[in-house]
Amino acid sequence: MNYWLIKSDPETYAFEDLCREGCTAWDGVRNFQARNNLAAMQVGDRCLVYHSQANPGVVGTARVVKAAYPDPKADDPRWVNVDVQAGEPLVRPVPLAELKAHPVLAQMVVVRQSRLSVSPVTPAEWKAVMGLAKKPRG
DNA sequence: GCCAACGTTGGC
DNA sequence: GCCAACGTTGGC
């Protein structure tokens, strides 16, 4: 099982929207690197859901329930979607500033390459984020 | 609103 | 194939 981070602008589609829907197609990715990451996802993989823009940070988790398939809205079938199911909101969201300040998490792909919308997460990074999410304060 | 990083486009 | 110009994204 692998870990990933999927990014969304909450004004467009927030984690709360995913929780309300229960499950959604993660679509609209038009970047090769992000596409390759989507294509590598397997059913059962876990995702951190990250909000960009105002208050950037990790806000919740999700699970991959359907592996990559062509994005019906794309001209080119090589652009793919996956379906994800809402997991749990983090007890305390972890802001980007805390990722940057953390010795392990500062190395996360999303921190180093802020424009990449789908990125891999290592088990150690996942664990560290979950640890921070349980702390009452940074 | 500004700027940096990055991707894409188009001229050559 | 190179590179400058331009557009987009995201953090601050």
Side-chain angles (χ1 to χ4, degrees):
Chain A
M1 194 202 52
N2 293 305
Y3 297 106
W4 308 94
L5 181 142
I6 54 180
K7 183 161 53 184
S8 180
D9 174 358
E11 289 199 18
T12 306
Y13 192 85
F15 181 67
E16 292 73 22
D17 296 316
L18 177 59
C19 291
R20 200 176 310 122
E21 279 191 76
C23 179
T24 195
W26 206 259
D27 62 5
V29 170
R30 294 294 182 272
N31 169 284
F32 287 108
Q33 244 185 299
R35 191 276 310 274
N36 292 344
N37 290 331
L38 277 185
M41 287 186 185
Q42 294 176 315
V43 172
D45 283 0
R46 307 289 302 278
C47 302
L48 296 172
V49 180
Y50 177 97
H51 280 172
S52 62
Q53 307 296 336
N55 291 321
V58 180
V59 295
T61 66
R63 185 180 293 273
V64 177
V65 292
K66 186 176 177 187
Y69 57 93
D71 185 340
K73 289 179 199 150
D75 303 333
D76 189 326
R78 283 174 294 185
W79 296 121
V80 296
N81 294 352
V82 297
D83 288 356
V84 295
Q85 186 179 57
E88 295 297 317
L90 298 191
V91 173
R92 186 185 69 87
V94 179
L96 175 60
E98 284 185 34
L99 301 181
K100 285 183 170 175
H102 189 284
V104 171
L105 301 178
Q107 304 306 310
M108 287 179 79
V109 175
V110 71
V111 175
R112 297 161 72 102
Q113 212 177 327
S114 65
R115 290 186 53 188
L116 186 58
S117 61
V118 182
S119 58
V121 171
T122 68
E125 288 163 353
W126 178 280
K127 218 174 159 183
V129 170
M130 291 306 143
L132 287 181
K134 283 175 195 150
K135 288 190 184 173
R137 287 255 60 182

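The chains referred to below are lettered A, B, ... by the order of the sequence lines, with proteins before strands, and numbering in each begins at 1.
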**Message:** Test of understanding: with side chain to side chain donor-acceptor pair (under 3.5 Å), list the residues that count as partners of A/Tyr13, not counting sequence neighbours.
**Reply:** A/Glu21

**Request:** For each nucleotide in nucleotides 2-10 of chain C, reading 5' to 3', give B when a protein heavy atom comes within less than 4.0 Å of its base, S when such contact involves only the sugar-phosphate, and - otherwise.
**Result:** -----BBBB

**Asked** Are the side chain of A/Lys7 and the backbone of A/Ser114 linked by a donor-acceptor contact shorter than 3.5 Å?
**Response** yes

**Request:** Using salt bridge (Lys or Arg N to Asp or Glu O under 4.0 Å) as the criterion, list what pairs up with A/Asp83, not counting sequence neighbours.
**Result:** none

**Fill in**
To the nearest angstrom, the NE2-P distance between A/His51 and C/dG11 comes to 12 Å

**Validation row: A/His51, A/Glu16 side chains within 4.5 angstrom (heavy atoms)** = yes

**Item:** Other residues, nucleotides, ligands: >12 heavy atoms within 6.0 Å of A/Asp17 CG
**Value:** yes

